[in-house]
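Taking it in order: structure first as structure tokens, then the write-up.
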Amino acid sequence: MAVMDVIVGQLVSVWRIPAVRQSFPWLFILISSVGSILKELEFVPQSYFSSSKNFVNVYFVKVSWGWTLLLLTPFLFFSSSANRSTSFLFKRLSSLAVATAVWYVCTETFLYVEDMTGACFESKTLLKSNKFTSKATCRRAGFHWQGHDISGHSFILTYSSLLIMEETSAMFLLKTASVPALHRTLLNLLYVALNLIVMTWVWMFACTSVYFHDPKDKLLGTLCGLLGWYLTYRYWYHKPLSPGLPPQCQLKEQKQNA
């Protein structure tokens, strides 16, 4: 597994660069802004990813929170074996529970806003139908719902990427920790997989920016993802009564405060 160790070492080195971690949240604002301009100017030609039925969107993005938890949860379990601390595992799983609550509240709020601000139209005639008062019932009837559609894709891809960045920061310490060989192998595989999924989320975020949604809906979704991350990892998790920061983040904070 020497090759895997090299790959992990390179990835850890990249994420250890302060400029990378500091600029990563701003990357989503930049992509959303530039992508929206390109979409409005119709500069980007149609492609495989301009269809919402593309493989990555259907089987990854639409269930992106599931993929994030599927990879991040075992990563935290195996990380706890290196720390030999049940409190570490409890705090990190608590942070996933908080993140899941943020995801649920935001997505449900987006759906509520779309229902409250929208109306049902017959697709062909564009005549308004007052029979249906929600997007779900309207679309089941074969009609078209028009409302304020805050981009759930922009939100979840931003939020998931930042969550993974924060929770995998402990890999720098785990590289030199005493870990059973099997756990080391699984940790490395999960870490690489999490980095690949972040790359996928960023790519699909860019595709969303240039192909789908109105600019304001994409920007609002992106800002919600950034706000969810900021309020937890940059504010609440610094407080005593919280899940706290991952070990590597804690070490960095201690150095900054020294």
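Sequence positions, counted from 1, serve as the residue numbers for this chain. Fair warning: this is a prediction, and the values are worked out from it, not measured in the lab.
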Open item on the list: Which residues pass the side-chain contact (heavy atoms from CB on, under 4.5 Å) test with K239, not counting sequence neighbours?
Closed with: Y235, W236

Open item on the list: Could you check whether any side-chain heavy atom of L11 comes within less than 4.5 Å of a side-chain heavy atom of T168, counting everything from C-beta outward?
Closed with: no

- [ ] Kindly compute the distance separating CD1 (I164) from CZ (F75), expressed to the nearest 0.5 Å.
- [x] 10.5 Å

- [ ] Could you note down all residue pairs passing salt bridge (Lys or Arg N to Asp or Glu O under 4.0 Å) where residues 208-227 supplies at least one of them, sequence neighbours left out?
- [x] D214-K216

TODO: Look up atom OG1 in T158 and atom CG in L223, then write down how far apart they are to the nearest 0.5 Å.
DONE: 9.0 Å

Open item on the list: If we ignore hydrogens and angles and just use 3.5 Å, is the side chain of H238 paired with the main-chain N or O of Y233 as donor and acceptor?
Closed with: yes

Open item on the list: Under the criterion ring-ring contact (aromatic ring centres under 6.0 Å, His included), I'd like the reasoning laid out for F121 against F143: C-alpha separation, chi angles, the key distance, then a yes or no.
Closed with: CA-CA 6 Å; F121 295 86; F143 295 155; over 10 Å; no

Open item on the list: Test side-chain contact (heavy atoms from CB on, under 4.5 Å) on S95 and E167; report intermediate values, then the result.
Closed with: CA-CA 9 Å; S95 71; E167 292 298 332; 3.0 Å; yes

Open item on the list: Would you say Y159 and T68 are linked by a side-chain donor-acceptor pair, where the criterion is simply a distance under 3.5 Å?
Closed with: no

Task: W145, CH2: over 12 other non-hydrogen atoms inside 6.0 angstrom - done: yes

Task: Spacing of CG belonging to N188 relative to CE belonging to M4, to within rounding of 0.5 Å - done: 6.5 Å

Open item on the list: Nearest 0.5 angstrom please: K39 NZ to S32 OG, how far?
Closed with: 11.5 Å

Task: Nearest atoms (heavy-atom pairs only) where L69 meets P74 - done: O-CD, 4.0 Å

Open item on the list: I'd like to know if L70 and V98 are part of one continuous hydrophobic network [Ile/Leu/Val/Met/Phe/Trp/Tyr, side-chain heavy atoms within less than 4.5 Å].
Closed with: yes

Task: Close side-chain approach of I150 to H213, heavy-atom, < 4.5 Å - done: no

Task: Test applied, side-chain hydrogen bond (donor to acceptor under 3.5 Å, both in side chains); reference residue, Y211; option that passes from S51, S50, S47 - done: S47

Open item on the list: Are more than 12 heavy atoms, taken from residues, nucleotides or ligands other than E42, located less than 6.0 Å from that residue's CD atom?
Closed with: no

Task: ILVMFWY network linking I29 to F155, side-chain heavy atoms under 4.5 angstrom - done: yes

Compile the donor-acceptor pairs under 3.5 Å between side chains in residues 189-204 and protein atoms, sequence neighbours left out, one pair per line.
| from | atom 1 | to | atom 2 | distance (Å) |
| --- | --- | --- | --- | --- |
| N195 | OD1 | W15 | NE1 | 2.7 |
| N195 | ND2 | Y191 | O | 2.8 |
| T200 | OG1 | L196 | O | 2.9 |

- [ ] Evaluate side-chain contact (heavy atoms from CB on, under 4.5 Å) for V8 paired with M171, printing each intermediate quantity in order.
- [x] CA-CA 9 Å; V8 169; M171 194 63 182; 3.8 Å; yes

Open item on the list: Within the structure provided, determine whether H144 and C138 are in side-chain contact (heavy-atom separation under 4.5 Å).
Closed with: no

TODO: Using a 4.5 Å cut-off on heavy atoms from C-beta on, say whether the side chain of F205 contacts that of S209.
DONE: yes

Open item on the list: Given 3.5 Å as the limit, does a donor-acceptor pair link the side chain of S169 with the main chain of M165, or not?
Closed with: no

Open item on the list: A side-chain contact here means heavy atoms from C-beta on lying under 4.5 Å apart; do L163 and L96 qualify?
Closed with: yes

Task: Residues, nucleotides or ligands: over 12 heavy atoms within 6.0 Å of Y48 OH - done: yes

Task: disulfide (SG to SG under 2.5 Å) evaluation trace for C224 with C106 - done: CA-CA 8 Å; C224 286; C106 287; 5.5 Å; no

Task: Interatomic distance, I156 atom CD1 to W67 atom CH2 [nearest 0.5 angstrom] - done: 15.0 Å

TODO: Could you go through the salt bridge (Lys or Arg N to Asp or Glu O under 4.0 Å) check for E166 and R92 one step at a time?
DONE: CA-CA 11 Å; E166 296 290 356; R92 301 295 15 108; over 6 Å; no

- [ ] Would you check if F77 and L89 make a side-chain contact, meaning some heavy-atom pair closer than 4.5 Å?
- [x] yes

Open item on the list: Is there a continuous path of hydrophobic side-chain contacts, each under 4.5 Å between heavy atoms, that joins L162 to F60?
Closed with: yes

Open item on the list: Please check this pair: side chain of S160 against backbone of L157, looking for a donor-acceptor N/O pair closer than 3.5 Å.
Closed with: no

Task: Cluster overlap L182 with L187, hydrophobic side-chain contacts below 4.5 Å - done: yes

- [ ] Would you mind reporting whether T208 and S151 have side-chain heavy atoms less than 4.5 Å apart?
- [x] yes

- [ ] Determine, step by step, whether F172 and S13 satisfy the side-chain contact (heavy atoms from CB on, under 4.5 Å) criterion, reporting the C-alpha distance in whole Å, the side-chain angles of both residues, the deciding distance to 0.1 Å, and the verdict.
- [x] CA-CA 8 Å; F172 173 73; S13 297; over 6 Å; no

Open item on the list: Using a 3.5 Å distance criterion without hydrogens, assess whether the side chain of T107 forms a donor-acceptor pair with backbone atoms of W103.
Closed with: yes

Open item on the list: Is there a path of hydrophobic side-chain contacts, each under 4.5 Å between heavy atoms of I/L/V/M/F/W/Y residues, joining I17 to V12?
Closed with: yes

Task: Verdict with reasoning, F49 to V56, per side-chain contact (heavy atoms from CB on, under 4.5 Å) - done: CA-CA 8 Å; F49 290 100; V56 181; 4.1 Å; yes

Open item on the list: Between N57 and K62, is there a side-chain heavy-atom distance shorter than 4.5 Å?
Closed with: yes

Open item on the list: Would you compute the distance between atom OH of Y237 and atom OG1 of T232 and round it to the nearest 0.5 angstrom?
Closed with: 5.0 Å

